[in-house]
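Report on the following structure.
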Amino acid sequence: MGLSRTTPRVLLATSIRIQQTSTNGRKSPCRLRRKSGVTVAAALLVCLFGMPHPSLGQEWSGTIDMAYGWMNTTGNPDSFRSQYNLDSGFSLDQFDLDYRGEGSLEHFSIDAWGWGDAEPAESFRLGLEFTPGLQINLEYRSNQSFFGLIGSDLAGRHEQWDLSRWRGSAVWTGWEDWTIGLELRRVDRDGRINRPHYGLNELYPLGIDLEETMSEVGIRVENRSLPVRLVFEQTWAQYERTNRPFVAGDRALSNPDDPDLFASVGSTAVDEQDIPTSSLTASWGTDRWEGVATVLYSNAESDSGDDSDGAATFWETYDIGGGSIGTTSWVDEVVGSTQMDSLVGALRLGFRLAPSWTLRLGGSYRDASADSSLLGRRLLHTVNPAGQVFEIEASIDESGYYDFTDSDIRLMLDWNRGAWSIWGGAFMAGREVAWRLTTDGAPFAVKRDSDGFLGGAAWSSTSGIDASVEYENGTFERYVFRTDPENVDRLTARLRARLGGGWNLNFHGRYEQADNPDEITALDRDSMAHGIGLGWTSSEGHQSFGLNLDQVSLDSDTDLILPDGESGVSIYDLDLLTGTVFGHTKLGRVHLQGSATYTSDSGDTWPVDAWNAVARIGYDLSDTTRIGAFIQYWDYDEKWVAVDDFTATRYGLSLRWSFTR
Amino acid sequence: MIRCFFSALLLMMTVGPLLAIEGPTAEDCAMCHDEIAAGFALSPHGTAMADRSDQIFAGACATCHQAGEAHMDDPSTDNILRQPADDACLSCHTDQRAAIDSSTPAHVRLKVGCTDCHNAGHDSPEGLHADRDRCVECHQGVAASFNLPYAHRNGTRAFDCASCHSIHGQNHVARSILTSNGGACIECHTEKRLPMVFPHPPADRRGCVSCHMPHGSTNPRQLQRPSVMMLCLECHADVPSYHDLSGAKYRNCQTCHTAIHGSNHDPSLLNE
């Protein structure tokens, strides 16, 4: 009797370890309506407990791990939400359900986390595998974003929106030579942004309701039997944006006593992009050489008009003197369109010249040309209290282009023998950019070349010590942007040592210097990043602890020309230290886990101190059930102002249950 | 003659794969390593091999561990590879061969092999697909960035590195990176996708990282500078003189130039 995958599954099932997903460091998930979170948890529990008893050759396994937390914040709660966006409530830390059988449905799996009030992200994945070779996957992920600060120069903005992503795929692998896949994706962003709006020489409160979608369908065909492996992919994507502004308060923010009121604002614009993309990737290789070539082409069309393909209308209206003097409106009626063709090619080749020598050649080419136009009219519309209308109209007829061509080629030679690797090489790149964004705008065209070289060495011993060092230098001619460097030097070093007895030591360091001439911006940017990590893990994996320290310093000076014509310097001085200690242990039925991170920026520009820490304790009631408790702590302290400082604590209880049948 | 030829061909096609298994079969290995063999048979890696063919599954142990007759005669760890070499993985995962060696030469030079990131999974799916923890072991400095106050967070979970980085060179993210226009970022931040009637060229040519720090920053919005105005002025040297920087409303450029990533309506990026 030959041993097949079905044989041991039936005969030796008792020796199978239960599939369990570790919760180490993963007490999290998402936030949403509590109602939905609790509903989902209840449904999952019913689902688990109601699982049919498996027949011979079938296995079910699963885990559910959920928590309820309470949140306490002092200081600026919006500042905390801008960084972490956590809250009180239920969270599904982990849910997974796995089935393996021998019928036509060979494998079924669900993986989910989130679905509660406590966290701003959620995830769900369903996987199905049918015999002889059909795989179906469905994924959903969502993130909720919040932003609202007082002390930053972004003060006055308040944002809350959700980003939801769907992805479904069906892949047929039942043929020996071909794989065919169909993929559907959709991304939605909806929510609201409130921000200051500059109108009538004052700042007024403006709201924007977001409604943005991306839908894409793609097919992928892959051949596995030809000497050259081919992957062809064709996608059609459509992006649509129908954001709508509204008046979030008629009084000027900067001067509430101002008699002029923000009366109305609106838009009928529907922005659409249709982007079909074709790509073909070919890879092939032998023992002596290998290569990958990719060609991609897309022809994108963008249209901005109203929902009936007419001109979109944008307007904003102010009541002068509260309306007693009259109203004034700015109205734009415009149609915008852009067409962009992109052609991309990339090639990577590797040759084994001799047993220890490898030559690598890589290059890429990107060419895109976009032509845009905006047609319509702009209207200044005023009405006095008697109803008399005065209008000034100007036509809009803008056209522009935005073209670029990027190319690069890189040649590397590697020598590998035993523990040693030594490499060196050179690269050349070109960038050609040309744009004129408006009809009477200044045309911009720059062709920029760059070249450079790099070299490095690595030593990897059988005793568990790996070390490497690399130096890279690049020079650039001409400047597309003022902050482009002329010279860049970069030195990188790494050391990784497995010291034995479960100990690990890591060190990394990187120094980078970039500059450009005085006549550009006298750019002078030095950055140094280095860090060390020390960790220990017991042989059984039941205990571990470690310490990571990272230091990043950045000194950047850039000459400015201020609006009044005076010169200035933008100075950014960052001196950042991040230290983390972490560990976990198991004492009988008790599991302990914790970590703490201290972050300090002692640079002169915007110094900050921050702490965050988490501790968890779990107790195994049985082989399948664990109860636990957790506490999390955050502290944030800006040195120059205190309005965005906060201290937050979150604590709660958790329950985990797993099973196998 | 023709019949003989086809008979021989048929025999080769049916028996050939069996003969192609070098060394002991999985069944042979299971005589001593019964728990491992059973666990592997049920693991995603084992079932994937069996899905391909029973022959591949039968030769799995010998393929990865280079176990031969010598090991059966003398069950010692000296005559097998305890940790499979890359070539063993690549003998099946042929689609990764070219992608690995050419697109991630640093991993090759630093002797980072398949099993440094992927757990072959004798009895557990954990680690079969490399997760963030594997990357962090070496890229510790990057991991530290995610602890900064304004970081790319996924609730209290860290982002999976492979969400943005194309480790093996061929996936959805890689296609986005090829087309530029913001690269991997626009996979989620789709509203920033070009073309637009009036693009903001740095966002396209230098990518999102010209203004943002994607992993984490001490600055709001993960910006490269704590002050928006300074970030803008470093490039914009031709700001008209009526921008009186002593006035608060001019110190945040985005108060007026709201469509900073590009506009379909206004050449000065004053409106979407």
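The analysis underlying the following values was restricted to heavy atoms, covering all of them including side chains, and did not include hydrogens, waters or symmetry mates. Every chain is numbered from 1 and lettered A, B, ... according to where its sequence line falls, protein lines coming before strand lines.
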Open item on the list: Heavy-atom pairs under 4.5 Å with chain A - which of Val239(B), Asn147(B), Asn264(B), Leu233(B) has more of them than the others?
Closed with: Asn264(B)

Task: Check: Lys111(B) and Asn416(A) side chains under 4.5 Å, non-hydrogen atoms - done: yes

Open item on the list: Can you tell me which portion of Asn271(B) sits under 4.5 Å from chain A's heavy atoms? Options are side chain, backbone, both or neither.
Closed with: side chain

- [ ] Could you tell me which portion of Asn219(B) (side chain, backbone, both or neither) has an atom closer than 4.5 angstrom to a non-hydrogen atom of chain A?
- [x] side chain

Task: Counterpart residues, salt bridge (charged side-chain N to carboxylate O under 4.0 Å, His left out), relative to Arg241(A) (two or more places apart) - done: Asp271(A)

- [ ] Please identify each residue that fulfils salt bridge (charged side-chain N to carboxylate O under 4.0 Å, His left out) with Arg206(B), with sequence neighbours left out.
- [x] Asp484(A)

Task: Sidechain-backbone polar pair: Asn252(B) side chain, Asp153(A) backbone, donor-acceptor under 3.5 Å - done: yes

Under 4.5 Å from any heavy atom of chain B, what part of [X] do you find: side chain, backbone, both or neither?
X         : value
Leu210(A) : neither
Arg494(A) : side chain
Ser267(A) : neither
Ser254(A) : neither
Phe444(A) : neither
Thr358(A) : neither

Open item on the list: Show, in sequence, the C-alpha distance, side-chain angles and deciding distance for Leu148(B) and Leu576(A), and conclude whether the side-chain contact (heavy atoms from CB on, under 4.5 Å) test is met.
Closed with: CA-CA 10 Å; Leu148(B) 296 179; Leu576(A) 189 66; 3.5 Å; yes

Task: Plane angle bin for Phe314(A) and His265(B) - parallel if under 30°, tilted between 30 and 60°, otherwise perpendicular - done: parallel

- [ ] Begin from the C-alpha positions of Ile275(A) and Arg193(B) and carry the test side-chain contact (heavy atoms from CB on, under 4.5 Å) through to its verdict.
- [x] CA-CA 10 Å; Ile275(A) 308 180; Arg193(B) 181 73 154 91; 3.7 Å; yes

Open item on the list: Distance to the ring centre below 6.0 angstrom and angle to the axis at most 45 degrees; does that hold for Arg205(B) and Phe404(A)?
Closed with: yes

TODO: Establish, from distance only, whether the side-chain atoms of Ser570(A) and Glu234(B) form a donor-acceptor pair under 3.5 Å.
DONE: yes

TODO: Indicate yes or no: does Arg165(A) engage Glu187(B) in a salt bridge with an N to O separation below 4.0 Å.
DONE: no

